[in-house]
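Both ligands and their constituent atoms are indexed starting at 1 by order of listing.
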Amino acid sequence: MKNNISSVPLPNCETVKSYAPNSPERKLVLDQYKKYYNKSIDIPMYIGGKNIKTKKTKNITPPHDHKHIIGKYYCGDKTHVESAINAALKAKIDWEKTPWEERASIFLKAAELLAGPYRQKMNAATMIGQSKNVFQAEIDAACEFIDFLRFNVQYLTDIYKNQPNSSRGIWNRMEYRPLEGFIYAITPFNFTSIAANLCIAPAIMGNTIVWKPSDHQIYSTKIIIDLLKEAGLPDGVINVIYTEPKMTSKIIFNHHDFAGLHFTGSTQVFKSIWKTIGSNIYNYKNFPRIVGETGGKDFILAHNSANIKEVTTALIRGAFEYQGQKCSAASRAYLPKSKWDSIQKELIKELKTIKIGSPYDCSNFMNAVIHKESFTKLTNTIKKIKKDKSIAKIIYGGNFDGSKGYFIEPTIVLTKKHNYFTMSEELFGPILTIYIYEDKEFEKTLRKIDTTSEYALTGAIFSKNRSIIRKTLYQLRNAAGNFYINDKPTGAVVSQQPFGGSRSSGTNDKAGSYLNLLRWVSPRTIKENFTPERNYRYPFLGQ
Ligand code: NAD
């Protein structure tokens, strides 16, 4: 029986805790970190509500202490991919019939659990497994994740309320069905909240999911599953497998009931997946929805009217927080010649105060990069830059040490070549390249920014001059899906700056807004006629 049309609790963004010395949250998170650090946990796959263990395991080690084992996870093979698909299809039968208020309640309950008893578990797991400092963990694993949970409920009702017009004797309705089949979520290592949202956004709309997380985010995956289970998510709605990506994709992208992909990761992987889906198009019952948020080559442009300290702070936070491993991280900057000496002085003075090390020591602004492959790729890049003496110069950093953890100094490169490879390719690490432009060549610089890289994710302009801001907004209208005026290009907040880019940065389906949820429904229009016609003849047929 359902005799009401309910409103949902009005969502607010979760307040970010400070973790200042002596604050209660700092003690709680560090205690939890220590607990996790000094024991070894077992992480099975999770299929149809069951924990699945196999004979093959892999160790989990923190990036900042890669010889220290904190747990192991169980790896699956093709039989596990198949049983995850079957579990998702089976659970779909009840889940899509579940009244939306009940689905919403589960996610609202999860939000409260995460804001309360799970907050420090999720933060500590993210600090250890993904090497985030406490503040970076808090804004991601706690606050952004809570915001996704609460706002998705609001967006669901906004979508459901959107109904067509009716006329006398006719009632038109729109039913927002989940997609027919199952959703495949492939998630990146760098945001716990994104990994969770790629599953919960389709799930809240009534879909069921096969989730393959990154091998480097499995510790926090375990806490996400514990949280959702405790909030009452039925078995089989989200199924987690730790399987080899190519083999997994081969099975899933050949499946008749594959209904949609929710992907975040690199552009190269997304393009190869899109091609596979295209070539398998005759195998599917429906045209699959393909949603992917991918790489970036995000920029900061300063005009000579900008404030030097504001630019410097944005460069440091934008480029080096979480070791530059944010898709939105500033990795190229365009600075005016007249201000460069002062900016450089301030930048280097500030960079010298940055400490790098374990997230357990809260005085460390930076921690380790995610894994050995990334460390090798980034350090090879630094070695190459050091050789390219005639076009590029490292003016700060450039040192690294991978003996205990994968630590790389914040590195600033100055280049004379506006399209030097570090100005166009995504490096995904703590390397920022700066190009100095002649003040009178501001317009030319706008064209360079627009055409140097294939990406269009985030960008920022610093200026006090309104007409310069207006011109920049227009000229760079296709260069970034998230554009910032006098702010760093990172740190998008759910419901405030819906996130996503175009060109090679993805399908721009704006995580953290109703636009993303719309991709997970297939609307059915229903027309009901209260006065059906009884004669086929129209008046015009009369003599
Ligand atoms: P990645 O592309 O290496 O991996 C992402 C996921 O894809 C992982 O789960 C991985 O196992 C899987 N994968 C890899 N090869 C695959 C294949 N052939 N078939 C199917 N799955 C495959 O990315 P990453 O290193 O985890 O994350 C960093 C990347 O993600 C960066 O490029 C970053 O810009 C991007 N990113 C983008 C956004 C955004 O919103 N635009 C947000 C976060 C990260």
**Message:** Tell me the closest heavy-atom pair linking Ala330 and Leu432, and the distance in Å.
**Reply:** O-CD1, 3.8 Å

**Message:** So if I count the atoms of ligand 1 from 1 in the order they appear, which ones are less than 4.0 Å from some heavy atom of Phe499?
**Reply:** 39 (C), 40 (O)

**Complete:** For atom 24 (P) of ligand 1, the closest protein heavy atom turns out to be Phe189 CD2, 3.7 Å

**Prompt:** In terms of side-chain heavy atoms, does Asn123 have a donor or acceptor partner in Lys121 at a distance below 3.5 Å?
**Reply:** no

**Prompt:** Would a search of protein heavy atoms around atom 11 (O) of ligand 1 find one under 4.0 Å away?
**Reply:** yes

**Asked** Can you list the atoms of ligand 1 that are under 4.0 Å from a heavy atom of Asn190?
**Response** 43 (C), 44 (C)

**Message:** Applying a heavy-atom cut-off of 4.0 Å, say which part of Phe263 lies close to ligand 1: side chain, backbone, both or neither.
**Reply:** side chain

**Residue portion contacting ligand 1 (non-hydrogen atoms closer than 4.0 Å) for Ile273** = side chain

**Asked** Purely on distance, is any nitrogen or oxygen of Thr294 under 3.5 Å from one on ligand 1?
**Response** yes

**Message:** Would you call the rings of Tyr37 and His64 parallel, tilted or perpendicular, taking 30° and 60° as the class edges?
**Reply:** parallel

**Asked** Can you tell me the protein heavy atom closest to atom 21 (N) of ligand 1 and the distance?
**Response** Pro245 CB, 3.6 Å

**Request:** Among all protein heavy atoms, pick the one closest to atom 35 (C) of ligand 1 and tell me residue, atom and distance.
**Result:** Gly265 O, 3.2 Å

**Asked** Is the shortest side-chain N to carboxylate O distance from Lys285 to Glu180 below 4.0 Å?
**Response** yes

**Request:** Mark yes when over 12 heavy atoms from residues, nucleotides or ligands other than Glu454 sit less than 6.0 Å from its CD; otherwise mark no.
**Result:** yes

**Request:** Give the residue and atom name of whichever protein heavy atom lies nearest to atom 34 (O) of ligand 1, and the separation in Å to one decimal.
**Result:** Glu426 OE2, 2.7 Å

**Asked** Are there more than 12 heavy atoms of other residues, nucleotides or ligands under 6.0 Å from atom OH of Tyr284?
**Response** yes

**atom 20 (C) of ligand 1 - nearest protein heavy atom and its distance** = Ser249 OG, 3.0 Å

**Heavy-atom nearest neighbour in the protein, as seen from atom 7 (O) of ligand 1, with distance rounded to 0.1 Å** = Ile186 CG2, 3.2 Å

**Atoms in ligand 1 flagged as close to Ile194, the criterion being non-hydrogen separation under 4.0 Å** = 42 (C), 43 (C)

**Tyr46 and Lys229, any side-chain heavy atoms less than 4.5 Å apart** = yes

**Request:** For Glu293, counting its heavy atoms only, list the atoms of ligand 1 lying under 4.0 Å from any of them.
**Result:** 37 (C), 39 (C), 40 (O), 41 (N)

**Prompt:** Which bit of Leu457 gets closer than 4.0 Å to ligand 1, counting heavy atoms only: side chain, backbone, both or neither?
**Reply:** side chain

**Nearest-option assignment for atom 39 (C) of ligand 1, heavy atoms, candidates Cys327, Gly292, Ser266** = Cys327

**Prompt:** Which bit of Ile370 is near ligand 1, meaning a heavy atom under 4.0 Å away: side chain, backbone, both or neither?
**Reply:** neither

**Side-chain H-bond candidate by donor/acceptor type, Asp388 with Tyr420, under 3.5 Å** = yes

**Main-chain N/O of Lys132 paired to Gln136 side chain as donor or acceptor, under 3.5 Å** = no

**Request:** With heavy atoms of Val269 as the reference, note each atom of ligand 1 found under 4.0 Å away.
**Result:** 2 (O), 13 (N), 14 (C), 15 (N), 16 (C), 17 (C), 22 (C)

**Message:** Centroid separation under 6.0 Å, is that true for the rings of Tyr219 and Tyr73?
**Reply:** no

**Prompt:** Rounded to the nearest 0.5 Å, how far does CG of Asp140 lie from CE of Met122?
**Reply:** 10.0 Å

**Element-labelled atoms of ligand 1 that are located less than 4.0 Å from some non-hydrogen atom of Pro213** = 9 (O)

**Message:** Give me the residue, atom name and distance of the protein heavy atom closest to atom 8 (C) of ligand 1.
**Reply:** Thr187 O, 3.3 Å

**Message:** I need the nearest protein heavy-atom contact for atom 27 (O) of ligand 1: residue, atom name and distance, please.
**Reply:** Pro188 CB, 3.6 Å

**Message:** If we count only N and O atoms by modelled type, under 3.5 Å, do the side chains of Thr192 and Thr126 hold a donor and an acceptor together?
**Reply:** yes

**Item:** Check: Tyr184 ring centroid to Phe253 ring centroid under 6.0 Å
**Value:** yes

**Message:** If you measure every N or O of Lys246 against every N or O of ligand 1, does any of those distances drop under 3.5 Å?
**Reply:** no

**Fill in**
Note: Phe428, heavy atoms under 4.0 Å from ligand 1, region reported as side chain

**Message:** Which residue in the set Leu198, Thr187, Ile241 passes side chain to side chain contact (heavy atoms under 4.5 Å, CB included) when paired with Pro213?
**Reply:** Thr187

